[in-house]
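One structure is given below, encoded as structure tokens.
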Amino acid sequence: MSTSDTNAPVRVRIAPSPTGEPHVGTAYIALFNYLFARKHNGTFILRIEDTDATRSTPEFETKVLDALKWCGLEWSEGPDIGGPYGPYRQSDRKDMYQPYAQELLDKGHAFRCFCTPERLEQMREAQRASGKPPKYDGLCLHLKAEEVTSKMAAGESSVIRMKIPTEGSCDFTDGVYGDVSIPWDSVDMQVLIKGDGMPTYHMANVIDDHLMKITHVARGEEWLASVPKHILLYRYFGWDQPTFMHLSLMRNADKSKLSKRKNPTSISYYSALGYVPEALMNFLGLFFMQIAEGEELMTMAELAEKFDPENLSKSGAIFDIQKLDWLNGRWLREKFSEEEFTARVLTWAMENDRLKEGLRLSQSRITKLGELPDLAGFLLKSDLGLEPAAFAKVKSSPEEILEILNTVQPDLEKIFEWNVESIEAELRAIAERMDKKLKVVLAPLFVAVSGSSRSLPLFDSMAILGRSVVRQRLKVAAKVVASMAGSGK
RNA sequence: GCGCCCAUCGUCUAGCGGUCAGGACAUCGCCCUCUCACGGCGAAAACACGGGUUCGAUUCCCGUUGGGCGUACCA
């Protein structure tokens, strides 16, 4: 199988999907691509993968772009600045995928499938029950052309699936993992075009990478098992395939894939706490080079210099916040002049209007300016240092507080757009559902979020802090209260 | 369950047949010092297990165990 011309100019991309808070894992993969491009005098591009119309939002897209810019990872082509291979947002490319899907249909490499999600679910359930791997059973594989047209004419919803070889295996060389062999019978007949006409990741990704002349696809290890589908598509289209490089995933302390449930994963969480982007990039960059001995404090330029994509670790590294802390501290005291440091602090305090909003909310609540740190300081603190005593003024029992915290946490995750109104609406709904007065539900939240019962308005505070910081504070509070519940208040 | 992948101090790692298994973070101790940090010095701390191959395995091969990812009309 041919791969891209090794003399072609290097073009790499970061392809985030705007379906949630910008993730440090995205920054990690983006940094790799960015450094790779720099190393090879190549081009680093940004493409928005918003083919999941139900979860993607323009707000998240803006946040992703902002977060990546905050990291200092600048792209040469992207949805915000355009470029010769645009558009760079897959939803804007929707119509481009149809002819390719038709081509596969015409060549017999793909077929229409009219199975309902319900049937597919039942099918998988049955397969699982009988100990077989869940896989499309091929019901629509041999529909006659007339059947397809009549079903289409009848307005039946359909998807397009790709055909997969039944024997042998897909062998390929990964830039990180080396030779990999995956049997075809473990590969499912992947949906290429969804019922809503949008392509799936697999389809859009291959077509866009080809059209955008991407030479190296560097992405998370979670995609390794999908490579056969992608390679097969390149073959079906008769295109050269790029070089694949799968990066081991960053892990939670328990070694599972880094997730917000177990760890703060939002880039905005780290910026809110006062980590500087240089330190975060320095920290993430350390995973892409082998420092046997010597200085680990590095600027982006030094990272690019020492970057070594040839010899990457294949096992996932735990996101070690203590090492990040150490690096961040060193950046603060060694890399910044007094002036630079002061400027950074001011910029940070004003980020997201944190300080400005805090002052606005404080004005009517203080008699002396000196009360500000106590009243609004929680908006700037990285750690509340919460102790059981902080809950003294909350009338509920520790058990009830814990119940409230544990109910609120998952429900706040459901909030689509994080703002004062949506937070208030959700919390009122929770109180109603729990059949408690609003103030009863809110009382422990004031303490969890601000560290005190005397505080700024809760909904505003939560909006200013941002969902990732609030998530973490609720988690910490639950832990503190749980320890009280055990020993009596 | 099935497929793929991974495996050195608590954590990140160096090692690519012969090393007292090196460094960094964290931890602990000492020094510096008006406190706390910073900084300096030092300590403790690892080759998952079992078979091979070899004069010799952390290193190469095979198993076992453990872990991860995937198994969607999500990416």
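Everything numeric in this text was worked out from a predicted model, so none of it was measured. Below, read A as the first sequence line, B as the second, and so on, with proteins coming before strands; counting in each chain starts at 1. Note that these values count all heavy atoms, side chains included, but never hydrogens, waters or copies made by symmetry.
Remark: A:Glu125 does not engage A:Lys132 in a salt bridge, criterion side-chain N to carboxylate O under 4.0 Å. No salt bridge links A:Arg55 with A:Asp50; every basic N to acidic carboxylate O contact stays at or beyond 4.0 Å. Between A:Asp411 and A:Lys414 there is a salt bridge, since at least one side-chain N of the basic residue sits less than 4.0 Å from a carboxylate O of the acidic one. Taking a cutoff of 4.0 Å between a charged side-chain nitrogen and a carboxylate oxygen, A:Glu61 and A:Lys63 do not qualify as a salt bridge.
Residues satisfying the salt bridge (Lys or Arg N to Asp or Glu O under 4.0 Å) criterion with A:Glu59, sequence neighbours excluded, are absent altogether. For A:Glu302, there are no salt bridge (Lys or Arg N to Asp or Glu O under 4.0 Å) partners, not counting sequence neighbours. A search for salt bridge (Lys or Arg N to Asp or Glu O under 4.0 Å) contacts involving A:Lys163 returns nothing, not counting sequence neighbours.
The listed nucleotides are B:A75, B:C12, B:A14; the one nearest the side chain of A:Thr200 is B:A75. Relative to the side chain of A:Val180, the nucleotides B:C73, B:C4, B:A75 differ in distance, and B:C4 lies closest. When the nucleotides B:C25, B:A75, B:G22 are ranked by their closest atom to the side chain of A:Gln322, B:C25 comes out on top. The side chain of A:Val159 has B:C73 as its nearest neighbour among B:G3, B:C73, B:C25. In the set B:U13, B:C25, B:A75, the nucleotide with an atom closest to the side chain of A:Arg55 is B:A75.
Contacts of A:Cys113 with the nucleic acid, taken as non-hydrogen atoms under 4.0 Å apart, are absent. A:Thr19 comes within 4.0 angstrom of no nucleic acid atom, judged by non-hydrogen atoms across all strands. Using a 4.0 Å heavy-atom distance criterion, A:Gly195 is classed as a base contact. Within the 4.0 angstrom heavy-atom criterion, only backbone atoms of the sugar-phosphate kind lie near A:Ser313; the bases stay farther away. Backbone-only contact: A:Thr51 has heavy atoms under 4.0 Å from sugar-phosphate atoms and none from a base. Across all strands, A:Ser248 comes closer than 4.0 Å to no nucleic acid atom at all (heavy-atom distances). Residue contacts for A:Pro117: at a heavy-atom cut-off of 4.0 Å it reaches a base atom on one of the strands shown. Residue-level contact check: A:Tyr177 touches the backbone only, with heavy atoms under 4.0 Å from sugar-phosphate atoms and none from bases. Here A:Arg128 lies out of heavy-atom contact (under 4.0 Å) with every strand.
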Distances under 3.5 Å between protein N/O atoms and the N/O atoms of nucleotides 38-43 of chain B, please, pair by pair.
residue, atom, partner, partner atom, Å
B:C38, O3', A:Arg333, NH1, 3.3

Please list each protein N or O that sits under 3.5 Å from an N or O in nucleotides 61-71 of chain B, with the distance.
residue, atom, partner, partner atom, Å
B:G68, O2', A:Arg251, NH2, 3.3
B:C69, OP1, A:Lys257, N, 2.8
B:G70, OP1, A:Lys257, NZ, 2.9
B:U71, O2', A:Pro134, O, 3.3

Reading nucleotides 29-36 of chain B 5' to 3', which nucleotides get B (base under 4.0 Å from a protein heavy atom), which S (sugar-phosphate only), which -?
--------
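As rounded to the nearest Å, B:C16 and B:A72 have C1' atoms that lie 41 Å from one another. Look at the P atom in both B:G3 and B:G23: the space between them is 43 Å, to the nearest Å. Atom name P, nucleotides B:U35 and B:C30: the rounded distance is 15 Å, in whole Å. Look at the P atom in both B:C9 and B:C5: the space between them is 23 Å, to the nearest Å. Spacing between B:U64 and B:C55 at atom C1', rounded to whole Å, works out to 28 Å. Look at the C1' atom in both B:C25 and B:A45: the space between them is 13 Å, to the nearest Å. Taking atom P on both B:C60 and B:C28, the two are 37 Å apart, rounded to the nearest angstrom. Comparing the P positions of B:G52 and B:G15 gives an interatomic distance of 29 Å, to the nearest angstrom.
Using the six-membered ring where Trp is involved, A:Tyr34 and A:Phe44 have ring planes that are perpendicular, over 60° apart on the 30 and 60° scheme.
If you check the side chains of A:Thr215 and A:Arg11, you find no donor sitting under 3.5 Å from an acceptor. Side-chain contact annotation: A:Asp52 with A:Ser56, donor-acceptor N/O pair under 3.5 Å absent.
Heavy-atom distances to RNA chain B give each of A:Val191 and A:Glu296 a nearest nucleotide, and the one nearer the 5′ end belongs to A:Glu296.
Distance check: A:Ser259 OG to A:His23 NE2 gives 7.0 Å after rounding to the nearest 0.5 Å.
Looking at A:Asp92, its side chain never comes within 3.5 Å of a backbone N or O of A:Tyr88 through a donor-acceptor pair. Checking side-chain atoms of A:Arg344 against main-chain N and O of A:Glu339 turns up no donor-acceptor pair under 3.5 Å.
Base pairing annotation: B:G50 forms a Watson-Crick or G-U wobble pair with B:C62, both donor-acceptor distances under 3.5 Å.
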